[in-house]
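Contents: one structure, followed by commentary.
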Amino acid sequence: MKQFYGKKIFGLIDCNNFYVSCERLFRPDLADRPVVVLSNNDGCIIARSNEAKALGIGMGAPYFRHETLIRRHNIAVFSSNYPLYGDISQRVMDILMRLEPEVEVYSIDEAFIAFPTTKHLAPEKYAAFLRNTVQRNTGIPVSIGFGPTKTLAKIANRFAKKNSDAGSTFVIDDRHCLETLLAGLDVDAVWGMGRRHAGRLKKQGVRTALELSRRPDTWIRKQLTVAGLRTVMELRGIPCIPLEAKTPAKKSVATSRSFGRPVLTLSDLQEAVATYATQAACKLRSNGLKTTAVHVFIRTNSFKNEEAQYCNSRTLTLPAPSSHNATLIKAALASLRAIYRPGYRYQKAGVLLTGLVPENYEQLHIFKAPDKKNILLMKAVDEINQRWGRNTIQPGSAGFNREWHYRQQRKSPAYTTRWSELPIVKASFPETLSVA
DNA sequence: TCTGGGGTCCTAGGACCC
DNA sequence: TCTGGGGTCCTAGGACCC
């Protein structure tokens, strides 16, 4: 780091087309074929291989709009397989954590690292080493960007991705390199500048990241609030967003899904909401948390202009923090009954838990002793479902027919997380092989 | 027929208190 | 009967991220 010497270097390691790369791990026959992965309910395309991108398939594009193109080009299509992606992600992160003391797991497919400039004398070489290690040990290709701030590491990473010939790594290491890069970068490609911000900036004549970085602070603050100002400082090479190596405690937990078909009746909605409350409660327990507020929402399909629209939500505060299925279901269903209106075609429902507290935090209810039996019961339920599959034991209110349940027609096996779905390898010896 | 899900942070405005 | 300013807390909505 020539001009940035003496400071910290931030690195962003980003798995290339992560979900697609995970699917390809166990399907080497797909190495050169275009591949896409779909969102829940097989609705949108949320990951594309480079070949699929080249065919013009955009991020988040509705699947049904591209069906013809997909057939014509023999594109492989997968429903999302989160247990698989989560497991592979963990393996990638484990490797990074073995090599670096400070790792921030930023998302399922990205991690930041930070180290003093003196630690690794040639960042270019170190980036190549990291990349090769992850590739060799997991089979997942990554791109790596280094820069003097997290925002600039993000930008370096973007150029690394485009630069697969140069080893999929890129280092921003002096003022000239930085300014050349920013001058060629659209504002909406800057981390933290979403569509709204970028639109407003462009109206005011700010088109590139370099132009943005040269605007006065007061102007930025007014247009984009303090978060925007932080981003601009980072573009100038001044670190404002620290590395967070310790995962902060969760503040909310949500479970929501679109339905596989429109839902009209209260009883179907009740099954769905009870199911989501159960899943959310399970997430709470696995994070060692309890909730104090249960929020429920329902909504019709806003893409259907010709249909009557309705959406509503309600929050219920619990008398004492809880993570017990029955308690959360009861609260969620009470809210649902209050907001349900007949005569609409509902498309989505969800349960959001907020006001989370650690499970050992005992805000005792005046009239009720803590229910030890329930705690043991939930523990047993979680262990059984963990071992035998998610719905082995479920509350009756979550329903058994589940006609509203979302579609997932093209899911790959849970190759690495279920014994029954492990890939099978068959080896055969060629006849000419002589055994000594 | 068919358009995802799960998060965080910031701000403005209202309620409330002294 | 009339009247002030400042502070805190909470919530809803908007913006962003992957």
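By convention in this document, chain letters (A, B, ...) are assigned in the order of the sequence lines, proteins followed by strands, and residues within each chain are numbered from 1.
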Could you please name the option among [options] that lies closest to any side-chain atom of [X]?
| X | options | value |
| --- | --- | --- |
| A/K304 | B/dC2, C/dC18, B/dT3 | B/dC2 |
| A/K154 | B/dT3, B/dG6, C/dC18 | C/dC18 |
| A/F303 | B/dT3, B/dG7, C/dC17 | B/dT3 |

Over all strands shown, is [X] touching base, sugar-phosphate only, or nothing at heavy-atom distances under 4.0 angstrom?
| X | value |
| --- | --- |
| A/Q279 | nothing |
| A/D42 | nothing |
| A/N40 | sugar-phosphate |
| A/R200 | nothing |
| A/R299 | nothing |
| A/V351 | nothing |

Q | Test item: A/T133 and A/L99 side chains (from C-beta on) under 4.5 Å apart, heavy atoms | A |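 Heavy-atom side-chain distance check passes, below 4.5 Å.
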
Q. Looking only at side-chain N and O atoms, does A/Q347 come under 4.0 Å of OP1 or OP2 in B/dG4?
A.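 Checking A/Q347 against B/dG4: at least one side-chain N or O falls below 4.0 Å of OP1 or OP2.
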
Q) Is any NZ, NE, NH1 or NH2 atom of the basic residue among A/D382 and A/R285 found under 4.0 Å from an Asp or Glu carboxylate oxygen of the other? A) yes

Q: List in numerical order all residues of residues 249-274 of chain A for which some heavy atom is under 4.0 Å away from an atom belonging to DNA chain B.
A: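 Residues of residues 249-274 of chain A that come under 4.0 Å of DNA chain B are, in numerical order, A/K250, A/K251, A/S252, A/V253, A/A254, A/T255, A/S256, A/R257, A/S258.
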
Q) By a strict heavy-atom criterion of less than 4.0 Å, which residues belonging to residues 63-93 of chain A are in contact with DNA chain B? A)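 Correct list: A/F64, A/R65.
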
Q: Please state the P separation for the pair C/dC18 and B/dT3 - nearest whole angstrom.
A: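 After rounding to an integer number of Å, I get 25 Å for this pair.
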
If you restrict it to nitrogen or oxygen atoms, what contacts under 3.5 Å exist between nucleotides 8-13 of chain C and the protein, and what is each distance?
none

Q: Report the residues that fulfil ring pair (Phe, Tyr, Trp, His ring centres under 6.0 Å) with A/Y346, sequence neighbours left out, ordered by chain and then residue number.
A: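 Ring pair (Phe, Tyr, Trp, His ring centres under 6.0 Å) list for A/Y346, sorted by chain: A/Y340.
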
Q) Among all residues two or more places apart in sequence or in another chain, which pass the salt bridge (charged side-chain N to carboxylate O under 4.0 Å, His left out) test with A/R27? A)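 With neighbours one apart ignored, the set is A/D29.
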
Q. Pairs counted as Watson-Crick or G-U wobble with both distances under 3.5 Å: what dot-bracket string results for DNA chain C, using | for bases tied to another strand?
A. ....||||||||||||||

Q) In terms of side-chain heavy atoms, does A/N17 have a donor or acceptor partner in A/Y19 at a distance below 3.5 Å? A) no

**Q.** Residue whose closest nucleotide on DNA chain B lies nearer the 5' end, A/V226 versus A/R345
**A.**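 It is A/R345 whose nearest nucleotide is closer to the 5' end.
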
